[in-house]
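Below is one structure, written out as structure tokens; comments come after it.
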Amino acid sequence: MRSKGQLIVISGPSGAGKGTVCEALLKKNDFWISVSATTRSPRNAEIEGINYYFISREEFLERIKSKDFLEYAEVYGNCYGTPKSEVLKVLESGRDVILEIDIQGALKVKLAYPNGLFIFILPPSMEELRNRITNRGSETPESLMTRFASAHEEISFVSKYDYAVVNDTVDSACEKIQSIVIAERCRVDRMNGDFLKEEIINE
Ligand code: 5GP
């Protein structure tokens with residue numbers, strides 16, 4: 001009935017908890033999450049091929065030339081890109097795909113794939129956002145300031161998204177996103193017209 005999987009694009013400011021929400025979504029659903037390539041160095045517990053593909057800037061530029069990325073962007077001085085062929089293959093197989101990417105990247109994807117589902121994760125408050133970034137302990141004081149300063153600007157882009165989900169608790173944010181995805185699957189314009197005519201209307 002559904003010809004393809006749903007492309008679910010999730011963005012939000014640093015500290016909103018996108019990563020934790022995405023992890024929880026993956027545990028509870030048969031979603032596939034795209035692993036991005038980045039020129040950033042790995043953080044403590046990050047694993048090559050699981051969190052990111054860590055590549056050099058030279059390789060990143062080569063891959064831009066070869067049109068390997070669905071989208072790419074420079075965020076906080078590092079490059080990040082979504083490998084195109086894997087994402088398209090999984091979508092074609094009918095499985096839903098999550099892209100956890102920044103706003104610049106999401107807006108590029110929206111131009112190319114307007115049928116995607118664009119979800120913005122918000123923190124419950126700016127104070128909580130500051131606490132979460134600080135408590136992460138993985139940022140230098142400079143990067144902490146940059147991320148917090150960018151958060152205000154990033155939040156102003158929420159209107160470009162289809163849905164805003166406040167991450168008050170991971171479980172409730174997860175439930176809201178699952179409900180959005182289920183509702184989206186029921187949209188008439190995502191159904192195969194032949195199925196509606198032959199299986200339902202002619203019954
Ligand atoms: P971090 O360095 O904290 O892992 O990620 C920094 C930002 O880059 C986050 O907002 C994250 O969503 C974004 N990001 C991660 N992968 C990609 C990607 O492939 N493309 C884009 N445009 N942004 C990404």
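The residues of the chain are indexed from 1 along the displayed sequence. A quick note: this is a predicted structure, and the numbers were derived from the prediction, not measured. First listed ligand is number 1; within each ligand, the first listed atom is number 1.
- In this comparison of N51, D102, I103, the heavy atom closest to atom 22 (N) of ligand 1 sits on D102.
- No salt bridge links R130 with E127; every basic N to acidic carboxylate O contact stays at or beyond 4.0 Å.
- With hydrogens left out, the protein atom closest to atom 19 (O) of ligand 1 is S36 OG, 2.6 Å, a heavy atom.
- Remark: ligand 1 atoms within the under-4.0 Å shell around heavy atoms of A73 are 22 (N).
- Counting heavy atoms under 4.0 Å from ligand 1, residue E74 does not touch it at all.
- Given atom 15 (C) of ligand 1, the protein heavy atom at minimum distance is Y52 OH, 3.3 Å.
- Of the listed options E71, R147, E100, K18, E71 places a heavy atom closest to atom 20 (N) of ligand 1.
- The existence of a salt bridge linking R187 and E184 is confirmed by a sub-4.0 Å separation between a basic side-chain nitrogen and an acidic carboxylate oxygen.
- For G81, a nitrogen or oxygen atom sits less than 3.5 Å from a nitrogen or oxygen atom of ligand 1, counting backbone and side chain alike.
- Closest to atom 7 (C) of ligand 1 among all protein heavy atoms lies V75 CG1, 3.8 Å.
- Per-residue contacts place G105 under 4.0 angstrom from the following atoms of ligand 1 (heavy atoms of the residue considered): 22 (N).
- Atoms of ligand 1 lying under 4.0 Å from at least one heavy atom of R43, given by number and element, are 1 (P), 2 (O), 3 (O), 4 (O).
- By the 6.0 Å and 45° rule, K108 stacks over the aromatic ring of Y72.
- The protein heavy-atom contact nearest to atom 6 (C) of ligand 1 is Y80 OH, 3.5 Å.
- Closest heavy-atom contact between F120 and V158: CD2-CG2, 3.8 Å.
- In terms of heavy atoms, A73 sits closest to G105 at CB-N, 4.4 Å.
- The heavy-atom pair separating F69 from A37 by the smallest distance is CE2-CB, 3.9 Å.
- Distances below 4.0 Å separate heavy atoms of R40 from the following atoms of ligand 1: 1 (P), 2 (O), 4 (O).
- Here the closest non-hydrogen pair linking D168 and R132 is O-NH2, 4.0 Å.
- Residues Y161 and S11 have side chains that bring a donor and an acceptor to within less than 3.5 angstrom of each other.
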